[in-house]
Novice: 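I have a structure I would like to understand better, so I am pasting it below and will then ask my questions one at a time.
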Number of protein chains: 2
Amino acid sequence: MGERYLKSVRLLAECMQGFERFSGESVRQHGLTHAQFDIIATLGNTPGMSYKELGERTLITKGTLTGVIERLEQKGLVLRERSSEDKRSFFVRLTPAGDAVFCDVFPQVVAHGKQLFSAYSEAEFDALNGALRLLRERIAAGSQSLSSPTNKELP
Amino acid sequence: MGERYLKSVRLLAECMQGFERFSGESVRQHGLTHAQFDIIATLGNTPGMSYKELGERTLITKGTLTGVIERLEQKGLVLRERSSEDKRSFFVRLTPAGDAVFCDVFPQVVAHGKQLFSAYSEAEFDALNGALRLLRERIAAGSQSLSSPTNKELP
DNA sequence: TATTGTTATACTCTATAACTATA
DNA sequence: TATAGTTATAGAGTATAACAATA
């Protein structure tokens, strides 16, 4: 079938995979797994967040998250504090050491990325970011209509 | 700190993650893991390929690949044949059952995708695909200068 | 009753390295 | 020697479900 958007999806996957080829090596060299770096990168440049929010952002389910955070805590990279508002909830944030790793690992990813994007013009940046921003919007809109079970597809 | 392309990378990751939110559920409902679906999707609509090529395309290392293929073989979804040219090498391809799964799982991913892209205009498609195609090219060019000269070209 | 996070189970993936059999 | 794939190992991620404490 002429499912045209399949090409978009495949392109997206190929680009993401290509980028992971870059970043994966740097991440592993720092003794971090993909899931662990996912957490570090999500917490980086934020004041911290709850397990729930962290799980939603990283697509890591709560049962798994407990273990991943535990290992990062043992490495001294993250900190857990009970929320004062909701005593069921934890607030997770990077320690100074965790922030140092974030700042240390990311430039390495960035160094590859810089090389990758060095040939980009202003216009090409705008085109890429514009296209991705639109896609992200549509994905977000689609997620909403899917998560509510009563919502059927539109004509 | 004006690393502008970091925004592109983040957008790319968010889009990919958003799409995985869609596809992940369908894939798991069919009893496939992410890695297994990765193999199925890579073998789909191809005459088959060697472990080596499969590993390069999916970023799954050879030691892991043995196990993943083994499980897919036990499920009757893939077939391994010794290459007649190079007797060290195997040729892996989907069985009819595997192809059925590919055709069965993919439309479900596609059904979500179709809804997602239903609001896309011709121009928006062109913009997205053009931007992604350029990015893929640049990533490929960057990869060559970094690691092995494995040249992958798609039509 | 619903939600946040923990624990338990069983399995899969992962990196790495040593191994075989071809080349 | 080099390459394609296997095996072994130890650790980590994963889905799922039952559970505790809190809301």
Side-chain angles (χ1 to χ4, degrees), chain A residues 17 20-21 23-42 48-75 77-93 147, chain B residues 17 20-21 23-42 48-75 77-93 148-150:
Chain A
Q17 200 169 60
E20 275 170 9
R21 229 180 279 266
S23 60
E25 196 181 340
S26 306
V27 168
R28 257 177 282 116
Q29 278 174 355
H30 283 257
L32 296 173
T33 66
H34 175 63
Q36 286 168 15
F37 181 66
D38 208 356
I39 300 292
I40 297 278
T42 304
M49 60 191 76
S50 68
Y51 273 53
K52 179 178 162 59
E53 188 174 354
L54 211 40
E56 284 169 354
R57 289 211 197 190
T58 58
L59 301 186
I60 298 174
T61 51
K62 59 183 182 181
T64 305
L65 204 53
T66 299
V68 177
I69 298 289
E70 200 171 81
R71 268 157 240 131
L72 285 173
E73 201 178 20
Q74 281 169 2
K75 292 179 182 177
L77 302 180
V78 304
L79 210 64
R80 297 186 319 162
E81 289 168 342
R82 275 241 120 93
S83 168
S84 50
E85 295 170 1
D86 185 337
K87 288 183 181 171
R88 294 171 303 181
S89 181
F90 277 106
F91 204 70
V92 191
R93 58 182 174 79
S147 55
Chain B
Q17 201 170 59
E20 274 169 9
R21 228 179 278 266
S23 59
E25 195 182 341
S26 305
V27 169
R28 257 175 281 117
Q29 279 175 355
H30 284 256
L32 297 172
T33 65
H34 176 62
Q36 287 167 13
F37 180 65
D38 208 357
I39 300 293
I40 297 277
T42 304
M49 61 191 75
S50 68
Y51 273 54
K52 179 178 162 60
E53 188 173 355
L54 211 41
E56 283 169 356
R57 290 213 196 190
T58 58
L59 300 185
I60 297 175
T61 52
K62 58 183 181 181
T64 306
L65 204 54
T66 300
V68 177
I69 298 289
E70 201 172 81
R71 268 158 240 131
L72 285 173
E73 201 179 19
Q74 282 169 2
K75 290 179 183 178
L77 301 180
V78 304
L79 211 62
R80 297 186 318 162
E81 288 168 342
R82 274 239 120 93
S83 167
S84 50
E85 297 169 0
D86 186 338
K87 288 183 180 170
R88 295 171 302 181
S89 181
F90 278 106
F91 204 70
V92 191
R93 58 181 174 80
S148 66
T150 43

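Every chain is numbered from 1 and lettered A, B, ... according to where its sequence line falls, protein lines coming before strand lines. The basis for the numbers below is simple: all heavy atoms, side chains too, and nothing from hydrogens, waters or symmetry mates.
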Novice: Can you sort out the partners of Arg93(A) under side chain to side chain donor-acceptor pair (under 3.5 Å), two or more places apart, ordered by chain and number?
Specialist: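 Checked Arg93(A) against side chain to side chain donor-acceptor pair (under 3.5 Å); matches are Glu81(A).
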Novice: Return the polar atom pairs (N/O with N/O) between nucleotides 14-20 of chain D and the protein under 3.5 Å, or none.
Specialist:
residue : atom : partner  : partner atom : Å
dA15(D) : OP1  : Arg28(B) : NE           : 3.4
dA15(D) : OP2  : Thr61(A) : OG1          : 2.9

Novice: Quick one: which of Thr58(B), Thr33(B), Ile39(B), Asp38(B) gives a side chain to side chain contact (heavy atoms under 4.5 Å, CB included) with Val68(B)?
Specialist: Ile39(B)
Novice: Rounded to whole angstrom units, what separation is found between the CG atom of Leu32(B) and the P atom of dC11(C)?
Specialist: 17 Å
Novice: Report the nucleotide, chosen from dG5(D), dT6(C), dA12(D), that has the shortest atom-to-atom distance to any side-chain atom of Thr33(A).
Specialist: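 Of all the options, the side chain of Thr33(A) is nearest to dA12(D).
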Novice: Looking at every heavy atom in both Met49(A) and Thr42(A), which two are closest together, and how far apart are they?
Specialist: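 It is CE-O, 3.7 Å.
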Novice: Looking only at the side chain of Glu70(B) (C-beta and beyond, no hydrogens), which of the listed nucleotides dA2(D), dT7(D), dT6(D) gets closest?
Specialist: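 It is dT7(D).
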Novice: Take the protein atom NZ of Lys52(B) and the nucleotide atom C1' of dT22(C), then report the distance between them rounded to whole Å.
Specialist: 15 Å
Novice: What nucleotide, of dA4(D), dT4(C), dA23(D), holds the atom closest to the side chain of Lys87(A)?
Specialist: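 For the Lys87(A) side chain, the nearest candidate turns out to be dA23(D).
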Novice: Give the rounded distance in Å between these two atoms: CG of Asp86(A) and C1' of dA2(C).
Specialist: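 In whole Å, dA2(C) C1' and Asp86(A) CG are 12 Å from each other.
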Novice: Give the nucleotide from the list dG5(D), dT4(C), dT12(C) with an atom nearest to the side chain of Phe90(B).
Specialist: dG5(D)
Novice: Scan Arg80(A) against the nucleic acid and name what it touches under 4.0 Å (heavy atoms): base, sugar-phosphate only, or nothing.
Specialist: sugar-phosphate
Novice: Figure out the CZ/P separation between Arg88(A) and dT6(C), and round it to whole Å.
Specialist: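 Roughly 13 Å, once rounded to whole Å.
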Novice: Can you check the Ile69(A) CD1 to dT4(C) P distance for me, whole Å?
Specialist: 16 Å
Novice: Is Arg82(B) close enough and on-axis enough to Phe90(B), meaning under 6.0 Å and within 45°, for cation-pi?
Specialist: yes
Novice: Which of these nucleotides, dA4(D), dT6(D), dT7(C), is closest to any side-chain atom of Thr66(A)?
Specialist: dT7(C)
Novice: If you apply the rule side-chain contact (heavy atoms from CB on, under 4.5 Å), what do you find for Arg28(A) with His34(A), and how did you get there?
Specialist: CA-CA 8 Å; Arg28(A) 257 177 282 116; His34(A) 175 63; over 6 Å; no
Novice: In whole Å, I'd like the distance from the CG atom of Leu65(A) to the P atom of dT7(C).
Specialist: 13 Å
Novice: Yes or no on side-chain contact (heavy atoms from CB on, under 4.5 Å) for His30(B) and Phe37(B), after CA distance, side-chain angles and deciding distance?
Specialist: CA-CA 10 Å; His30(B) 284 256; Phe37(B) 180 65; over 6 Å; no
Novice: Provide, to the nearest angstrom, the distance between the CE atom belonging to Met49(B) and the P atom belonging to dG5(D).
Specialist: 12 Å
Novice: Ignoring backbone atoms, test whether Ser89(B) places a side-chain nitrogen or oxygen under 4.0 Å from the OP1 or OP2 oxygen of dG5(D).
Specialist: yes
Novice: Between dT7(C) atom P and Tyr51(A) atom OH, what is the distance in whole Å?
Specialist: 10 Å
Novice: Hey, are the side chains of Arg80(A) and Ile69(A) touching, using non-hydrogen atoms and a 4.5 Å cut-off?
Specialist: yes
